[in-house]
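In each ligand, atom 1 is the first atom listed, and ligand 1 is the first ligand listed.
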Amino acid sequence: MHLIPVIAIDGPTASGKGTVATLVAEKLGFHYLDSGALYRLVALGSENASIDPQNGLEIGVLAKKLAISFKNGRILLNSEDVTEAIRTESIGLRASAIAAHSEVRQALIGIQHGFRVAPGLVADGRDMASVIFPDAVLKVFLTATAETRAQRRYKQLIAKGISVKLEHLLHDLQERDTRDSSRGAAPLLVADGAKVLETSELSIDQAVKKILDWYESKIA
Ligand code: CDP
């Protein structure tokens with residue numbers, strides 16, 4: 001058995017995984033992996049290099065070459081600070097398109113495993129429990145209704161001063177859900193042994209507490 005514990009938190013877009021996973025990691029003093037950021041970085045890199053999102057082979061090669069680093073809450077791509085640039089909806093959609101290629105997923109496995117450092121890791125994504133860390137101590141599938149998720153994403157973007165229409169967000173989110181769940185390579189699914197946490201009616205603190213309680217009872 002691996003000695004460094006992993007808590008895998010998977011779920012659809014805007015389910016609150018990022019916020020909840022970050023807080024769980026803080027409470028436990030664990031490291032945090034935002035695997036979606038890696039797909040967003042590859043999306044941005046491939047856009048800058050003008051590669052067709054359908055060209056899995058070429059994007060896979062590019063993904064292996066990208067210099068990615070996470071420093072003091074900032075995300076660097078080939079030493080340029082792209083923390084904000086990767087958060088747009090258009091990069092999110094492109095990330096979902098390029099993430100469907102197995103060559104791209106393969107290229108990102110090593111970097112994800114590299115985050116498993118003592119005393120532990122909270123990993124957030126789509127395939128953390130099913131593919132990347134199948135031996136995770138705790139597997140959580142965090143979700144909420146599409147309407148609740150669209151509302152949450154809307155508030156997030158408005159707070160950042162980015163103007164968007166709620167109905168466009170709902171449409172993009174449903175498109176991304178369908179693509180992420182129906183792809184052949186590592187589709188979004190409730191992994192074997194994962195606990196489903198429906199957060200439509202839960203506050204962030206309640207969701208965090210539930211996961212910490214589950215973790216305590218797993219290691220007790
Ligand atoms: O912010 P949001 O939850 O919408 O997405 P994200 O976690 O930043 O991920 C962006 C896209 O990357 C998703 O739509 C997925 O298609 C893809 N992704 C993936 O395929 N596997 C992961 N482990 C994480 C993200």
- Item | N or O pair under 3.5 Å between Y39 and ligand 1 | no

- Would you say Q112 has any N or O atom under 3.5 Å from an N or O of ligand 1, going by distance alone? no

Under 6.0 Å from the [atom1] atom of [X], do we count more than 12 heavy atoms belonging to anything else shown?
| X | atom1 | answer |
| --- | --- | --- |
| I204 | CD1 | no |
| Q106 | CD | no |
| E201 | CD | no |

In terms of residue, atom name and distance, what is the protein heavy atom nearest to [atom]?
| atom | value |
| --- | --- |
| atom 4 (O) of ligand 1 | T13 OG1, 2.3 Å |
| atom 1 (O) of ligand 1 | R40 NH2, 3.1 Å |
| atom 11 (C) of ligand 1 | A95 CB, 3.8 Å |
| atom 7 (O) of ligand 1 | R126 NH1, 3.2 Å |

Would the distance check show the side chain of [X] and the main-chain N or O of [Y] forming a donor-acceptor pair, the cut-off being under 3.5 Å?
| X | Y | result |
| --- | --- | --- |
| R94 | A97 | no |
| E80 | V82 | no |
| R74 | T83 | no |
| N78 | A67 | yes |

- Heavy-atom distance to atom 19 (C) of ligand 1: which of R87, R105, E89 wins? R105

- Nearest neighbour of atom 17 (C) of ligand 1 from the list P12, S35, A99, on a heavy-atom basis: A99

Per-atom contacts of ligand 1 with [X], taking only distances under 4.0 Å to non-hydrogen atoms:
| X | value |
| --- | --- |
| M128 | 23 (N) |
| R183 | 16 (O), 19 (C), 20 (O), 21 (N) |
| D180 | 13 (C), 14 (O), 15 (C), 16 (O) |
| K17 | 3 (O), 7 (O) |

Ligand 1 contact on [X] by region, counting heavy-atom pairs under 4.0 Å:
| X | answer |
| --- | --- |
| A14 | backbone |
| R176 | side chain |
| R179 | neither |

- Query: Quick one: are I75 and R87 in side-chain contact, heavy atoms under 4.5 Å?
  - Reply: yes

- When K139, R105, R183 are each screened for salt bridge (charged side-chain N to carboxylate O under 4.0 Å, His left out) with D127, the one that passes is R105

